[in-house]
A.B. asks: 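Take this structure, written in structure tokens, and hold onto it; I'll ask about it next.
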Amino acid sequence: MAETDQKDINVIRFTDNACKSIQVDKLLDLYLDLGTLLAIDTNDLNNKELQSRKDQYLKSLARDNTQILLNSIWELPTEKVENNIVAKLPKSKFILPREKPAPKPKPLTKWQTFAKEKGIKTTKKSRVTWDEVLNKWVPRYGYKKTKAEKEKDWIIEVPGNVDPYTDMFEKKSTIKQEKVAKNEFQRLRNIAKAKKTKVPSMGLPPTPKMTARQLNTAAQVANISTASLGKFQPKLKKEKTLSKSSVLNLKKRKLPAPTKDEEYNRNLKLADSLINKKPKLNLEKAVNREIFDQETSISERKKGGGNKQRKRRNNQNSKAGREFKKTTGKKRR
Amino acid sequence: MKTLSEERTKLVFEKLCKYIGENLKLLLDRPDGKYCFREQKDRVYYVSESVLKLAGNVSADNLISVGTCVGKFTKSGKFHLHITALNYLAPYAQHKIWVKPAAEQQFLYGHNVLKSGLGRITENTEKHQGVVVFSMSDLPLGFGLAGRSTAECKHADPLAIVCLHQADIGEYIRSEDTLV
């Protein structure tokens, strides 16, 4: 059964293919871009057929559209290369959407942000300038500029305020070198800023003259920069050294937060220690208590009540009371 | 929410001890579950641990308040009690001052309590002792420091300051936005 079925299908297919023509009619012409071998069909789909026999309909549609694409390829000029017919595809017109997101704008350098903030606009300089000594056009930079410079500066006058034996050529070259180094430092700093990486704050910055503080930190960093982290370095008596953590960018370690039970016990202990604090001899409190005792005794005596024993005790109290009166007499008046 | 460091806990406890003395232990040792002190943006909160667990779901930036705000740490590192702490100070207070009805309003407007407004005072109150201020009908109104000791009060002139004002329940209206 299966074999006969297969044969039947083959026969049907064969006859189907044979029937199909090269000519395909479309209501709207396809958009063809031969450079990318792209055909876009803008015709409406047949809804009825799409629902009833989806696969077959889509397959036939694809075949028809491919046929149109191949027809248009055959219209191109062809040539024979090693017994093969080759058509040269034209340049593609279709603009493919980009795969990756658009690149972000470059972060501004320190100078650019400053200029933007201040509204400084740079005018474009000409590439060459007129040199009046050499009587020719000299570029602003590049090998031709250095050549011209050499030609011009075959002799440099030593100014009056400088030691007459200084080498002015060497001086000039060192100034130039420092400028280059500074520019390089700033370039690297801009890159670091753009990438948001941390730049070590220590060390020697490329400045011609360093402050005492900068020298001090540099010396201290050098002191710590040994294999043993400066443990065996000789030290002066009053020398202040940097902490290792500040140089190595270490974080200060903290004690872990106490657990709830630990915290509870700690709090209880603290409360206990506060409550059971040994009371200092509070003079004021003692005096106040004395006044209170006296007054109660006086009021009792005035009432006329009380027995002998109480009177005796009151007499004892009155001695202390007299002493007190001397001290706080002013207030009572 | 941070747990208070030991130094800060000590400052908080010392301040509370001024008002409630030994009863401080009752705040820590409660029959209805454990309570603890927590710190958030320099404010100290007294929270039950069950509520604290729920508060863990809110990020620290978005958390405005949890439990009861007891007070805050000033920039110079001192601890100040807020009026919101009154709920816990009033029942445990060891030294109290009762204010006459006529002087109630003056106190609630943020003024000190004068001798003329003093209704009753706890025996043996020392000078500069923390006291809780009550109305004559035993309604807690606020707290402050004793300006005079009990014995001195009896002989003070009517305009003498008996209680230095620190906080009163009028603050709930007066400083509504800064209280939390």
Side-chain angles (χ1 to χ4, degrees), chain A residues 251-303 314 317-318 320-333, chain B residues 1-30 33-39 44 46-50 52-53 56 92 94-95 121-129 146 148-157 160:
Chain A
K251 269 185 188 170
K252 205 177 177 185
R253 280 205 291 179
K254 277 183 188 169
L255 281 173
T259 62
K260 275 174 185 170
D261 284 335
E262 276 173 10
E263 191 198 352
Y264 175 70
N265 289 332
R266 187 194 72 184
N267 284 356
L268 273 188
K269 226 186 217 176
L270 252 176
D272 267 338
S273 71
L274 278 179
I275 290 161
N276 300 334
K277 237 184 200 171
K278 242 189 178 177
K280 278 185 274 177
L281 180 71
N282 194 339
L283 199 70
E284 207 168 358
K285 199 174 178 182
V287 168
N288 283 333
R289 193 166 286 169
E290 186 58 39
I291 296 173
F292 180 70
D293 279 350
Q294 266 178 40
E295 277 169 1
T296 47
S297 67
I298 289 167
S299 62
E300 268 173 26
R301 215 185 298 165
K302 272 181 184 170
K303 279 176 194 168
N314 283 346
N317 278 347
S318 66
R322 238 174 273 146
E323 277 172 21
F324 167 71
K325 264 176 199 167
K326 275 173 199 167
T327 53
T328 52
K330 266 184 190 172
K331 268 187 188 172
R332 303 201 93 196
R333 263 171 235 158
Chain B
M1 293 307 264
K2 281 190 289 185
T3 52
L4 286 165
S5 68
E6 194 153 357
E7 297 91 68
R8 286 203 152 183
T9 321
K10 202 176 172 193
L11 282 173
V12 173
F13 282 6
E14 270 173 356
K15 187 66 90 167
L16 287 172
C17 254
K18 272 191 173 180
Y19 296 88
I20 59 177
E22 291 161 22
N23 294 337
L24 173 64
K25 280 186 101 175
L26 297 178
L27 280 185
L28 300 171
D29 241 341
R30 284 172 65 136
K34 274 184 182 173
Y35 275 68
C36 55
F37 289 91
R38 283 285 178 278
E39 188 187 357
V44 178
Y46 180 61
V47 210
S48 90
E49 288 195 346
S50 57
L52 190 67
K53 234 181 228 173
Y92 301 122
Q94 291 197 318
H95 297 274
I121 185 168
T122 318
E123 291 293 355
N124 288 329
T125 305
E126 292 164 44
K127 205 173 183 179
H128 306 314
Q129 162 81 45
R148 298 287 165 99
S149 61
T150 311
E152 277 177 324
C153 275
K154 286 182 183 167
H155 306 289
D157 58 309

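Nothing here was measured: the structure is a model prediction, and the numbers come from that model. Note on naming: letters A, B, ... go to the chains in the order of the sequence lines (proteins, then strands), and numbering restarts at 1 for each one.
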A.B. asks: Counting neighbours of NZ on B/Lys10 that are heavy atoms of other residues, nucleotides or ligands and sit closer than 6.0 Å, is the number greater than 12?
C.D. replies: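 No, NZ of B/Lys10 has 12 or fewer neighbouring heavy atoms, counting only those of other groups under 6.0 Å.
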A.B. asks: Dump the intermediate steps for side chain to side chain contact (heavy atoms under 4.5 Å, CB included) on A/Asn288 and B/Glu126, then the final yes or no.
C.D. replies: CA-CA 8 Å; A/Asn288 283 333; B/Glu126 292 164 44; 5.8 Å; no
A.B. asks: B/Thr150 versus chain A, heavy atoms under 4.5 Å apart: side chain, backbone, both or neither?
C.D. replies: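 Contact with chain A: none, neither part.
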A.B. asks: More than 12 heavy atoms of other residues, nucleotides or ligands under 6.0 Å from CZ of A/Arg266: is that the case?
C.D. replies: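 Yes - once you tally the heavy atoms of other residues, nucleotides and ligands closer than 6.0 Å, there are more than 12.
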A.B. asks: Please find the pair of heavy atoms, one from B/Phe13 and one from A/Asn267, that lie closest to each other, and give the distance.
C.D. replies: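 Residues B/Phe13 and A/Asn267, closest heavy atoms: CE2-O, 3.3 Å.
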A.B. asks: Flag the pair A/Lys260 / B/Thr3 as yes when at least one side-chain heavy-atom distance between them is below 4.5 Å, and no otherwise.
C.D. replies: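 Heavy-atom side-chain distance check fails, nothing below 4.5 Å.
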A.B. asks: Tell me, out of B/Ser149, B/Cys36, B/Gly21, B/Cys17, who's got the most heavy-atom pairs with chain A below 4.5 Å.
C.D. replies: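 Among the listed options, the one with the most contacts to chain A is B/Ser149.
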A.B. asks: Just checking B/Lys15: does its NZ atom have more than 12 heavy atoms from other residues, nucleotides or ligands closer to it than 6.0 angstrom?
C.D. replies: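 Buried by this count: over 12 neighbours within 6.0 Å.
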A.B. asks: If you look at every heavy atom in A/Asp261 and B/Lys34, which pair is closest and at what distance?
C.D. replies: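 In terms of heavy atoms, the two residues are closest at OD1-NZ, 3.0 Å.
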A.B. asks: Using 0.5 Å steps for rounding, measure from the CG atom of B/Leu28 to the NZ atom of A/Lys269.
C.D. replies: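 That separation rounds to 14.5 Å.
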A.B. asks: Taking side chain as everything from C-beta outward and backbone as N, CA, C, O, which of these in B/Leu27 sits under 4.5 Å from a heavy atom of chain A? Side chain, backbone, both or neither.
C.D. replies: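 Neither the backbone nor the side chain of B/Leu27 comes within 4.5 Å of chain A.
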A.B. asks: Roughly how far, to the nearest 0.5 Å, is CG of A/Asp272 from CD of B/Glu22?
C.D. replies: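 Output value for this atom pair is 10.5 Å.
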A.B. asks: Using the rule given for side chain to side chain contact (heavy atoms under 4.5 Å, CB included), can you reason through A/Glu263 versus B/Arg38, listing the C-alpha separation, both sets of side-chain angles and the distance that settles it, and then say yes or no?
C.D. replies: CA-CA 11 Å; A/Glu263 191 198 352; B/Arg38 283 285 178 278; 2.9 Å; yes
A.B. asks: Considering only heavy atoms, which portion of B/Glu6 lies under 4.5 Å from any heavy atom of chain A: side chain, backbone, both, or neither?
C.D. replies: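 Answer is both: backbone and side chain atoms of B/Glu6 are under 4.5 Å from chain A.
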A.B. asks: Looking only at heavy atoms, which two atoms of A/Ala271 and B/Lys25 are closest? And how far apart?
C.D. replies: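 So the two residues come closest at CB-CG, 4.3 Å.
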